[in-house]
Peer 1: 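I'd like to ask some things about the structure below.
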Amino acid sequence: MRITIFGATGRMGQLLVQRSLDLGNSVTAYARNPGKLAVSHPELSVVAGQLDDEAAILEAVTGADAVIEGVGSESAATRRIIAAMDTAGVKRLVVVSTCSVPDPADKPDLKVKALVRLVKSVAPRPYAEVRSAAEAVRACDLDWTLVRVAKLNDGPATGDIKVGHYGHGVVGLSTSRADMAAFLLAQVTDPAYVRQAPAISS
């Protein structure tokens with residue numbers, strides 16, 4: 001399977017690239033600065049480009065079986081990726097999102113509400129961008145999944161990922177990047193959450 005990963009040079013992205021290769025996939029990594037990508041592998045190809053480079057984005061998604069997008073704080077980039085996938089005929093899109101994005105299945109959760117209020121106060125632009133990106137994903141015709149997390153940490157993979165919606169007493173606030181990477185990659189072939197926005201925690 002060929003997977004295209006946007007946001008490949010960040011901490012989450014590097015984990016995604018390495019884990020995907022370890023699972024036997026071919027990976028196309030989209031990177032603004034390819035020199036920051038610390039992974040090398042015969043099944044890894046790199047497309048260099050900015051997030052407003054429509055031609056490079058199209059090159060990156062062409063031939064992919066699925067796309068994992070980790071740049072949700074830049075909604076214009078999300079829209080370009082969706083448009084490129086439409087052009088290339090690629091259907092599966094898995095997107096990193098946050099607890100700032102509500103879902104109709106959520107119930108009130110005081111801790112989540114306080115965290116969202118804090119994010120909106122100290123980082124209003126990323127808050128608005130991640131919500132706008134989620135709106136674009138939900139409006140598209142792709143087989144999308146929005147994977148929502150509250151806080152990420154650098155802990156090890158637990159193999160015990162809680163999946164649900166906020167306010168039901170199942171999902172907590174903290175998720176390790178290793179668990180997040182594992183869940184994102186699992187969604188590439190698992191149809192259980194297509195056109196849904198599950199929240200996860202470790």
Peer 1: Would Asp106 and Arg148 pass as an ion pair if we require N to O under 4.0 Å?
Peer 2: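 Between Arg148 and Asp106 there is a salt bridge, with a charged N closer than 4.0 Å to a carboxylate O.
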Peer 1: Taking Tyr166 for its side chain and Leu173 for its backbone only, find out whether a donor-acceptor pair lies under 3.5 Å.
Peer 2: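 No, the answer is negative, given that no donor and acceptor are paired below the 3.5 Å cut-off.
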Peer 1: Short question: side chain of Arg80, backbone of Leu51 - any donor-acceptor pair under 3.5 Å?
Peer 2: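 A pair under 3.5 Å: yes.
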Peer 1: Is any side-chain heavy atom of Val17 less than 4.5 Å from a side-chain heavy atom of Leu44?
Peer 2: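 Side chain of Val17 against side chain of Leu44, heavy atoms only: contact under 4.5 Å found.
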Peer 1: Output a table of donor-acceptor pairs, distance under 3.5 Å, between side-chain atoms of residues 115-122 and any protein atom two or more places apart or on a different chain; print 'none' if there are none.
Peer 2:
none

Peer 1: Answer yes or no: is there a side-chain heavy-atom contact under 4.5 Å between Met12 and Leu152?
Peer 2: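 With C-beta onward as the side chain, the pair touches.
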Peer 1: Going through the checks in order, is the side chain to side chain donor-acceptor pair (under 3.5 Å) test met by Glu129 and Ser75?
Peer 2: CA-CA 5 Å; Glu129 286 289 305; Ser75 60; 2.9 Å; yes
Peer 1: Would Leu37 end up clustered with Leu15 when hydrophobic side chains under 4.5 Å apart are linked, directly or stepwise?
Peer 2: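 Cluster IDs for Leu37 and Leu15 differ.
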Peer 1: Could you work out, with salt bridge (charged side-chain N to carboxylate O under 4.0 Å, His left out) as the rule, every residue matching Arg32, not counting sequence neighbours?
Peer 2: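 For Arg32 the salt bridge (charged side-chain N to carboxylate O under 4.0 Å, His left out) partners, ignoring immediate neighbours, are Glu74.
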Peer 1: Is the closest side-chain heavy-atom distance between Val194 and Arg92 below 4.5 Å?
Peer 2: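 The answer is yes, as the side chains (C-beta and beyond) meet within the 4.5 Å cut-off.
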Peer 1: May I have the step-by-step check of side chain to side chain donor-acceptor pair (under 3.5 Å) for Thr28 and Ser45, ending in yes or no?
Peer 2: CA-CA 5 Å; Thr28 298; Ser45 59; 3.2 Å; yes
Peer 1: Please enumerate all residues that pass salt bridge (charged side-chain N to carboxylate O under 4.0 Å, His left out) together with Arg138, with sequence neighbours excluded.
Peer 2: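 If we apply the salt bridge (charged side-chain N to carboxylate O under 4.0 Å, His left out) test to Arg138, skipping adjacent residues, the hits are Asp103.
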Peer 1: With heavy-atom distances below 4.5 Å as the criterion, would you say the side chains of Asp160 and Ser202 are in contact?
Peer 2: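 Of all side-chain heavy-atom pairs linking Ser202 with Asp160, none is under 4.5 Å.
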Peer 1: Taking Arg177 first and then Asp179, would you say they form a salt bridge - that is, a charged N and a carboxylate O separated by under 4.0 Å?
Peer 2: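 No, Arg177 and Asp179 are not salt-bridged.
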Peer 1: Charged N to carboxylate O under 4.0 angstrom, Arg11 versus Asp154?
Peer 2: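 A salt bridge is present here (some side-chain N lies under 4.0 Å from a carboxylate O).
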Peer 1: Check whether any side-chain heavy atom of Leu58 sits under 4.5 Å from a side-chain heavy atom of Thr87, and report yes or no.
Peer 2: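 Leu58 reaches Thr87 side chain to side chain.
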Peer 1: Side chains of Ile3 and Val188, heavy atoms from C-beta outward: is any pair under 4.5 Å?
Peer 2: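 Answer yes - side chains close enough.
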Peer 1: Hey, does Ile200 have a side-chain heavy atom less than 4.5 Å from the side chain of Lys162?
Peer 2: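 When only atoms from C-beta onward are counted, Ile200 and Lys162 do not touch, as no gap falls below 4.5 Å.
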Peer 1: Going by heavy atoms in the side chains, are Val94 and Trp144 under 4.5 Å from each other?
Peer 2: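 A side-chain contact is absent here, since even the closest heavy-atom pair is not under 4.5 Å.
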Peer 1: I would like to know whether Gln14 and Thr9 meet side chain to side chain donor-acceptor pair (under 3.5 Å); could you show each step before the answer?
Peer 2: CA-CA 6 Å; Gln14 304 252 10; Thr9 58; 5.7 Å; no
Peer 1: How about Asp141: does its CG atom have over 12 heavy atoms from other parts shown lying under 6.0 Å from it?
Peer 2: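 Check fails, neighbour count at 12 or below.
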